[in-house]
Amino acid sequence: MATKRTSAKRKQPTPSGILLRYREKDTAYGVTRKTTTRLANTLGLSETQVVHVALANLARQTLPRYELDDGPLTQEQMDAIDRLQPPGRIKVTKSLF
């Protein structure tokens, strides 16, 4: 006769969230629960939404919005660009500065 598995033996799902520990005082790298609550009340959002807005703003400011390139163009690439320019119609400048 098979025995029933108890809940302690079942594999528990891993939580997908993170633990947020508030600071004891506001700093450049953390805020208190009181500050988060004040922001939520001022913005008319929940505290969770305030954290999401803050993270979204930090991502916008910090992460690149484009794929990184391979660096400066090679001379071969520059020559190919020069060959594509119509002669005499525009003045080609090699530097932006």
Side-chain angles (χ1 to χ4, degrees):
M1 179 167 166
T3 60
K4 258 185 151 179
R5 294 178 84 182
T6 63
S7 63
K9 291 182 183 178
R10 287 187 201 142
K11 185 176 180 179
Q12 299 294 319
T14 2
S16 62
I18 61 168
L19 175 64
L20 176 66
R21 293 189 181 147
Y22 289 101
R23 304 291 187 242
E24 290 182 18
K25 64 179 186 173
D26 291 335
T27 67
Y29 296 102
V31 294
T32 61
R33 179 79 182 257
K34 182 179 178 181
T35 299
T36 306
T37 303
R38 287 180 58 208
L39 278 168
N41 291 336
T42 301
L43 298 172
L45 302 171
S46 70
E47 289 181 20
T48 301
Q49 288 171 317
V50 167
V51 172
H52 280 285
V53 168
L55 289 172
N57 286 336
L58 181 62
R60 230 181 323 336
Q61 292 172 4
T62 308
L63 300 176
R65 294 188 186 128
Y66 52 87
E67 200 172 311
L68 294 177
D69 62 20
D70 298 330
L73 296 177
T74 63
Q75 187 58 47
E76 186 178 298
Q77 292 168 323
M78 292 297 292
D79 292 340
I81 292 170
D82 288 339
R83 283 191 302 273
L84 293 171
Q85 299 301 319
R89 291 185 55 199
I90 58 173
K91 182 180 178 184
V92 179
T93 305
K94 300 288 181 187
S95 174
L96 295 176
F97 307 102

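Residue Y66 belongs to a hydrophobic cluster whose other members are L68, with links defined by side-chain heavy atoms closer than 4.5 Å. Grouping Ile, Leu, Val, Met, Phe, Trp and Tyr residues whose side-chain heavy atoms lie under 4.5 Å apart, directly or via other members, leaves Y29 alone, with no other cluster members. As a member of the Ile/Leu/Val/Met/Phe/Trp/Tyr network built from side-chain separations under 4.5 Å, L84 groups with nothing else and remains a singleton. Counting Ile, Leu, Val, Met, Phe, Trp and Tyr side chains that sit under 4.5 Å apart, directly or through other members, M78 shares a hydrophobic cluster with L73, I81.
The salt bridge (charged side-chain N to carboxylate O under 4.0 Å, His left out) analysis of residues 32-50, with sequence neighbours excluded, yields the pairs R33-E47. Screening residues 57-78 for salt bridge (charged side-chain N to carboxylate O under 4.0 Å, His left out) gives no qualifying pairs among residues at least two apart or on separate chains.
Put simply, L55 and L20 are part of the same group of oily side chains (I, L, V, M, F, W, Y) that touch within less than 4.5 Å, one to the next.
Evaluation of the side-chain hydrogen bond (donor to acceptor under 3.5 Å, both in side chains) rule for T74 yields Q77 as partners, not counting sequence neighbours. Under the rule for a side-chain contact (heavy atoms from CB on, under 4.5 Å), the partners of T62 that lie at least two apart in sequence or sit in another chain are L58. In this structure L45 satisfies the side-chain contact (heavy atoms from CB on, under 4.5 Å) test together with L43, Q49, V50, V53, sequence neighbours excluded. By the side-chain contact (heavy atoms from CB on, under 4.5 Å) test, D79 is found to be paired with Q75, D82, R83, residues two or more places apart in sequence or in another chain being considered.
Checking T35, T32, T36 one by one against Y22, the side-chain contact (heavy atoms from CB on, under 4.5 Å) holds for a single residue, T36.
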